[in-house]
Amino acid sequence: MTNQLTGGGAVTRATTSFYEEYDTLTLAQRLLGYELVHESPEGTTAGIIVETEGYLTGDPACHAYRRKTQRNAAMFGPAGTVYVYQIYGMYYCLNVVTGPEEVGEAVLIRALQPTEGIDLMAMRRSEAAGRLFDPATRNGLRDLCNGPGKLVIAMGITQPAHNFSSLETGTLAIRGPVLTGFDMVTTTRIGITQGADLPYRYYVKGNRFVSKW
DNA sequence: GATCAGATGGTCT
DNA sequence: GACCATCTGATCA
């Protein structure tokens, strides 16, 4: 049995040097086409990253804009750290920490194109929403991970298990690239009021798994 | 397709 | 006490 995270062939797990190599906005763009993978006790789930947003220091929409607090502490960790935070009292969002340590920048993962463990994703989404998600229906597959809160549920990502964890050594990883040769769209970010005019959102052009196009 | 209200609770002022 | 990096179902079209 091959190691899912490190990969058996040309597609390999990204290491810390990958996250350190690029500034936040460049990494937000480069992560498109890479695959997010979670090896959990229930099984492995994975999906191609098709939509991201960058959050920078000096950016009023960034959680680290004011100062380091208990909530945003993971953002100040080294590049390649996972930052999971709760929003609206009921959902969680996944970020890849970027930039130098103690700076506080990150890339929000907003949507995935499911590739592995689709039944498990559907089961998790069904349980969380209290209704049945059937990936075989017209939009069923698309509804699993086309939003930051949704993909966290489908992937089985939790704050206690993954906040502060390392994408290089933890159960959550990024591998790839698995999708190349696509066009990218740059737009303003979604769901924010501060810094709403900044063009820090990126997605794979024409990809139907993006949250909003 | 679009738009809108409600759910729901931690975090920071 | 106000503010959210959201999702869902209802309603209108």
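Computed from a predicted model, the values in this text were never measured in an experiment. The sequence lines fix the lettering, A, B, ..., with proteins before strands; numbering per chain opens at 1.
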Original post:
Among C/dT8, B/dT13, C/dC4, which is the nearest nucleotide to the side chain of A/I87?
Top reply: C/dC4
**OP:** Verify the contact: side-chain N or O of A/T193 to OP1 or OP2 of C/dC3, cut-off strictly under 4.0 Å; return yes or no.
**Re:** no
**OP:** Using heavy atoms to find the nearest nucleotide of DNA chain B for A/Y91 and A/Q159 separately, return the residue whose nucleotide is more 5′.
**Re:** A/Y91
Subject >> Whether A/Y55 stacks on the six-membered ring of C/dA5 base, 5.5 Å and 30° limits >> reply: yes
Original post:
For the residue pair A/V97 and A/P78, what are the closest heavy atoms and their distance?
Top reply: CG1-O, 3.7 Å
Original post:
In whole angstroms, how far is the P atom of B/dA7 from the CD1 atom of A/I153?
Top reply: 18 Å
Original post:
Which sits closer to the 5' end of DNA chain C, A/D143 or A/V107, going by the nucleotide each is nearest to?
Top reply: A/V107
**OP:** Return no unless some side-chain N or O of A/R201 is found under 4.0 Å from OP1 or OP2 of C/dA5.
**Re:** no
Original post:
With a non-hydrogen cut-off below 4.0 angstrom, is A/E53 in contact with a base, only sugar-phosphate, or nothing?
Top reply: nothing
Original post:
Checking all strands, does A/R189 fall into the base, sugar-phosphate, or nothing category for heavy-atom contacts under 4.0 angstrom?
Top reply: nothing
Subject >> Touch class at under 4.0 angstrom, heavy-atom based, for A/R125 against every strand present >> reply: sugar-phosphate
Original post:
Between A/Y34 and A/F18, is the ring centre distance below 6.0 Å?
Top reply: yes
Subject >> Opposite nucleotide pairing with C/dA5, Watson-Crick or G-U, both atom distances under 3.5 Å >> reply: none
Original post:
Across all strands, who's sitting opposite B/dT8 as a Watson-Crick or G-U wobble pair, both distances under 3.5 Å?
Top reply: none
Original post:
Heavy atoms under 4.0 Å, any strand shown: does A/G89 hit a base, just sugar-phosphate, or nothing?
Top reply: base
Subject >> The single option from A/V152, A/L167, A/T171, A/L94 passing side chain to side chain contact (heavy atoms under 4.5 Å, CB included) against A/H162 >> reply: A/T171
Subject >> Below 4.0 Å: OP1/OP2 of B/dG9 and any side-chain N or O of A/R71 >> reply: no
Original post:
Are A/E42 and A/R124 close enough that some pair of their side-chain heavy atoms sits under 4.5 Å apart?
Top reply: yes
**OP:** Look at A/R67 and B/dC12 and indicate whether a side-chain polar atom (N or O) is within less than 4.0 Å of OP1 or OP2.
**Re:** no
